[in-house]
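Some notes on the structure that comes next.
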Number of protein chains: 2
Amino acid sequence: MSALSIGDLARRTGVPVETIRYYERMGLLPKPPRTEGNYRAYEATHERRLAFVKRSRDLGFGLDAIRALLDLANGADRPCGEVDALARDQLAEVERKIADLTAMRAELQDMLGHCRNDTVADCEIIGRLRGK
Amino acid sequence: MSALSIGDLARRTGVPVETIRYYERMGLLPKPPRTEGNYRAYEATHERRLAFVKRSRDLGFGLDAIRALLDLANGADRPCGEVDALARDQLAEVERKIADLTAMRAELQDMLGHCRNDTVADCEIIGRLRGK
DNA sequence: GCTTGACCCTGTAGCGGCTACAGGGTGCAG
DNA sequence: CTGCACCCTGTAGCCGCTACAGGGTCAAGC
């Protein structure tokens with residue numbers, strides 16, 4: 001029915017216009033038909049696909065992984081082991097990052113906890129950055 | 001005493017050669033004197049400064065913040081309020097990232113927990129990516 | 001019918017923080 | 001004196017956008 005302009009699609013999905021065009025260039029979204037005036041004219045299928053991409057991005061999947069997920073999502077009767085593997089990889093990656101950041105947080109909190117609001121010369125934070 | 005080559009410095013600090021040169025270009029490390037053969041010749045001061053940069057990077061500080069920290073670290077009698085503020089900003093940033101990643105982890109774990117190793121058509125993971 | 005202003009188009013360059021060449025020079029051991 | 005490890009500069013690529021510049025389109029209001 002209703003053809004959506006790229007701006008409409010951006011408003012509906014929360015994905016910026018520039019990013020939508022970027023996803024198209026990267027092959028995540030099909031090239032949509034154009035109006036007479038050469039405007040992109042999207043349909044509901046495009047909106048669903050973009051929403052899929054957005055949700056995947058929100059979970060931290062990279063664009064390569066998303067391309068793979070999109071391909072897998074279109075082969076309905078194949079087993080979902082590959083999907084599972086991609087999700088598991090992504091979970092592992094997220095957990096690794098959380099571990100790194102948690103260590104950073106602990107160190108930063110500890111530094112700040114020891115700060116006596118002194119001069120730089122006896123600053124605990126600077127002292128630790130200089131070499132524990 | 002001993003002048004270090006860039007490779008020596010890399011081995012001692014764990015910072016790759018290319019990254020050391022990059023830090024120099026970015027103004028985080030002073031341009032070291034050169035040997036006759038135009039090799040960089042580092043001293044202990046350079047090693048300390050690079051170690052400072054590395055520890056800051058390990059805590060997630062950006063290069064701009066590190067430049068500021070290095071400047072502050074050289075003004076020994078000034079109060080360390082600015083240092084404190086930079087560390088607090090960095091802590092806030094780290095906490096924001098942890099929160100984002102923790103939400104991602106929960107969603108990924110939940111998806112994976114519901115996976116029945118079925119076909120893609122009834123795959124919970126794909127289903128949720130399609131739109132909860 | 002004409003202007004204004006919001007929207008759209010393409011193409012290119014920039015961000016951060018590296019990393020990876022290419023194409024050369026240096027220095028030391030065998 | 002030859003080989004090899006190391007060093008040099010300069011440039012391009014990575015990811016996922018984001019921000020232009022320089023133009024075209026379209027609908028509303030006068």
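The structure displayed is predicted, hence computed values, not measured ones. Within every chain, numbering begins at 1; the chains are lettered A, B, ... in the order of the sequence lines, protein sequences first and strands thereafter.
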Under 4.0 Å between a side-chain N/O of Ser5(A) and OP1 or OP2 of dC7(C), yes or no?
-> no
Regarding the side chain of Glu18(B), the nearest nucleotide among dT19(C), dT18(D), dC18(C) is dT19(C)
Rounded interatomic separation in angstrom, taking CD1 from Ile20(B) and P from dT19(C) | 12 Å
Would you mind telling me which of dC9(C), dC18(C), dT19(C) lies closest to the side-chain atoms of Pro16(B)?
-> dT19(C)
Whole angstrom is fine here: how far is it from CD in Glu36(B) over to P in dG25(C)?
-> 17 Å
Against the side chain of Leu63(A), the closest entry in dG16(D), dT9(D), dC7(D) is dG16(D)
Given dG17(C), dC9(C), dG16(D), the nucleotide with the shortest approach to the side chain of Arg57(B) | dG17(C)
Contact nearer the 5' end of DNA chain C, comparing Asp8(A) with Asp64(B) = Asp8(A)
Any donor-acceptor pair under 3.5 Å joining the side chain of Tyr23(B) to the base of dG17(C)?
-> no
Spacing of Arg25(A) atom CZ relative to dC9(C) atom P, expressed in whole Å | 12 Å
Look at the side chain of Tyr39(B) and decide which nucleotide, out of dC9(C), dC6(D), dG24(D), has an atom nearest to it.
-> dC6(D)
Distance below 4.0 Å between Thr35(A) side-chain N/O and dT25(D) OP1 or OP2 | no
Between His114(B) (side chain) and Met111(B) (backbone), is there a donor-acceptor pair under 3.5 Å?
-> no
Mark yes or no for whether Arg130(A), through its side chain, and Ala73(B), through its backbone, hold a donor-acceptor pair below 3.5 Å.
-> yes
Expected output: side-chain Asp110(A) to main-chain Glu107(A) donor-acceptor under 3.5 Å | no
Ignoring backbone atoms, test whether Arg40(A) places a side-chain nitrogen or oxygen under 4.0 Å from the OP1 or OP2 oxygen of dT10(C).
-> yes
Report yes or no: do Asn38(A) and Thr35(A) form a side-chain donor-acceptor pair below 3.5 Å?
-> no
Any side-chain N or O of Arg21(A) less than 4.0 Å from the OP1 or OP2 oxygen of dT10(C)?
-> no
Any donor-acceptor N/O pair under 3.5 Å between dG16(C) base and Tyr22(B) side chain = no
Rounded distance in Å - CD (Glu93(B)) to C1' (dG17(C)) = 15 Å
Would you kindly compare Gly37(B) and Asn38(A) by the position of their nearest DNA chain C nucleotide and give the one closer to the 5′ end?
-> Asn38(A)
Arg12(B) and Glu47(B) ion-paired at < 4.0 Å | yes
